[in-house]
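One structure below.
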Amino acid sequence: MRFRNAIHITIDNFSSVFKLLLYSVLTGAVFMSLTYLIIRLGLDGIITGSPTKAVADLIKEFFNAIVTGKSDFLNAFHDTFSAAFAEFKELLRSSTGAIAGTIVGVAIMYLLSRFVNGLGRIAVAGTMNDRMSTFSRTRFASSYFKNIAKGALYEIIYVPLIFVYDLLMLLCCWFAFFEVPALLSINGWFSVLISLMLTFTAIACFEALKMTLISAWIPAFISGESTVTRAFRSSICAKKHFGRRFASFLVAVYLIIVMNIVFALCTFGSALFVTLPLSFVFLLALQFVQYYEDHSKKYLISSRTIMGGEETPKGLDE
């Protein structure tokens with residue numbers, strides 16, 4: 001029932017997919033330009049240096065030699081490349097400060113981009129809450145500026161926490177992909193299959209656990225029933241229907257992964273412009289449905305149908 005209601009709400013708020021897409025494209029273009037500028041300014045000496053050009057030329061000539069069969073070049077390639085790469089490493093060693101500064105700059109741009117993109121999702125959450133509570137259509141821009149203060153505080157807490165959480169997830173995925181097959185003494189193509197299966201399982205479970213723990217965070221402060229910090233604490237500590245919420249988000253994560261992979265393969269990646277923002281909108285809808293149902297709050301999925309509360313469903317004319 002909750003899953004079906006979330007699908008209904010997603011369809012009803014389908015216009016938010018394109019608003020979120022446009023917002024993400026505009027902000028993405030700005031941050032990609034700034035990131036390119038940081039990399040160009042910080043690493044220009046390395047990128048345009050003669051050791052870098054020498055290594056790149058040798059790699060290009062290596063593949064040409066394989067195709068054309070230049071045995072003399074291939075026989076001498078190891079020594080030639082070793083000498084060129086030694087000069088390249090010396091260039092990197094002398095540019096440690098520039099490399100460190102560039103890494104810090106790129107990391108800051110990444111975190112800022114997540115912060116700004118998150119504000120767009122908060123705006124969509126505001127329009128969705130208005131639609132579910134009063135069945136009104138709120139403009140994206142109106143919701144954006146109405147919730148920008150609460151959204152900014154939310155992102156200040158959310159971005160660092162999820163950055164650390166994602167690092168932990170990547171470490172577990174690394175262990176699942178490389179270490180578990182070795183511990184089980186599995187070799188050959190079967191080890192690759194097991195590694196991929198364990199990695200996808202780890203990603204799905206970590207994402208479902210994350211969404212389960214913070215599922216009530218956005219709905220609680222967007223609906224005005226709690227502050228951002230109090231909503232975070234209550235969402236993390238909520239034990240009611242934990243298993244049901246986890247199962248719903250686990251199924252949702254698997255469906256999102258399959259949907260994005262299949263549509264990307266069938267459309268050479270172009271469908272991701274729609275399926276990725278659609279995934280975010282659906283997860284928001286599922287969070288709101290879980291929150292409304294767990295707190296016995298009534299909400300609208302159509303102009304005549306009320307869900308939640310003590311009696312569900314119920315027509316408006318009854």
Side-chain angles (χ1 to χ4, degrees), residues 1-24 27 114-144 146-148 150-155 157-159 161-162 207-226 228 231-232 234-235 238 244-246 248-257 259-260 274-295 297 299-302 307-308:
M1 179 71 73
R2 298 185 179 195
F3 212 83
R4 185 182 65 187
N5 291 345
I7 294 175
H8 279 295
I9 293 168
T10 303
I11 295 172
D12 188 52
N13 290 269
F14 195 76
S15 61
S16 296
V17 172
F18 299 101
K19 296 172 185 176
L20 188 59
L21 172 62
L22 179 60
Y23 179 84
S24 300
T27 57
R114 292 198 64 165
F115 175 86
V116 174
N117 282 326
L119 293 179
R121 289 192 285 274
I122 294 298
V124 172
T127 62
M128 186 177 293
N129 180 71
D130 291 345
R131 189 68 172 168
M132 292 174 66
S133 58
T134 63
F135 211 67
S136 59
R137 290 287 187 193
T138 304
R139 294 169 59 88
F140 179 88
S142 300
S143 177
Y144 185 90
K146 174 185 175 182
N147 297 293
I148 193 168
K150 292 185 289 185
L153 179 57
Y154 165 81
E155 291 298 327
I157 302 172
Y158 175 83
V159 170
L161 283 177
I162 296 305
E207 288 296 323
L209 178 61
K210 178 183 73 177
M211 297 307 304
T212 303
L213 291 173
I214 65 172
S215 63
W217 191 2
I218 292 178
F221 75 78
I222 285 294
S223 62
E225 297 183 351
S226 181
V228 175
F232 172 69
S234 61
S235 180
R244 178 188 294 180
R245 293 200 309 274
F246 179 79
S248 297
F249 284 115
L250 184 62
V251 173
V253 168
Y254 273 121
L255 286 177
I256 287 171
I257 291 174
M259 177 185 69
N260 282 283
V274 176
T275 57
L276 286 177
L278 178 63
S279 302
F280 287 117
V281 173
F282 174 68
L283 286 176
L284 279 174
L286 190 56
Q287 289 177 65
F288 273 99
V289 169
Q290 300 281 10
Y291 177 78
Y292 273 71
E293 291 283 355
D294 288 344
H295 292 79
K297 290 168 56 68
Y299 59 96
L300 292 149
I301 62 172
S302 73
M307 304 298 292

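Quick caveat: nothing in here was measured; it's all calculated off a predicted structure. Residues: numbered from 1 along the sequence shown.
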N/O donor-acceptor pair under 3.5 Å between S143 side chain and F140 backbone: no
Heavy-atom closest pair, residues T127 and T138: CG2-O, 3.3 Å
Flag if over 12 foreign heavy atoms under 6.0 Å of OH, Y23: yes
Mutual orientation of the aromatic rings belonging to F232 and W217 [parallel < 30°, tilted 30-60°, perpendicular > 60°]: tilted
Verdict with supporting geometry, L278 and F14, side-chain contact (heavy atoms from CB on, under 4.5 Å): CA-CA 8 Å; L278 178 63; F14 195 76; 3.8 Å; yes
Verdict with supporting geometry, L284 and N13, side-chain contact (heavy atoms from CB on, under 4.5 Å): CA-CA 11 Å; L284 279 174; N13 290 269; over 6 Å; no
Check ion pair R137-D12 (N to O, under 4.0 angstrom): yes
For the student: nearest non-hydrogen atoms of F221 and K150, plus distance: O-NZ, 3.1 Å
Geometric class of the Y299/Y292 ring pair [parallel <30°, tilted 30-60°, perpendicular >60°]: perpendicular
D294/R245 under side-chain contact (heavy atoms from CB on, under 4.5 Å): CA gap, chis, key distance, verdict: CA-CA 10 Å; D294 288 344; R245 293 200 309 274; 3.5 Å; yes
Polar contact flag, side-chain donor to acceptor under 3.5 angstrom, T275-N260: yes
K19 and V124, any side-chain heavy atoms less than 4.5 Å apart: no
N129 versus S223, side-chain donor and acceptor atoms under 3.5 Å: no
Chi angles and distances behind the side-chain contact (heavy atoms from CB on, under 4.5 Å) call for F288, I9: CA-CA 10 Å; F288 273 99; I9 293 168; 5.9 Å; no
Shortest non-hydrogen separation from A6 to F282 and the atoms involved: CB-CE1, 3.9 Å
Pairing residues for R114 by the salt bridge (charged side-chain N to carboxylate O under 4.0 Å, His left out) criterion, not counting sequence neighbours: D166
Given H295, M128, Q287, E225, the one that forms side chain to side chain contact (heavy atoms under 4.5 Å, CB included) with P219: Q287
Distance (rounded to the nearest 0.5 Å) between L153 CG and N147 CG: 12.5 Å
Lys NZ or Arg CZ of R131 over F135 ring: under 6.0 Å, within 45°: yes
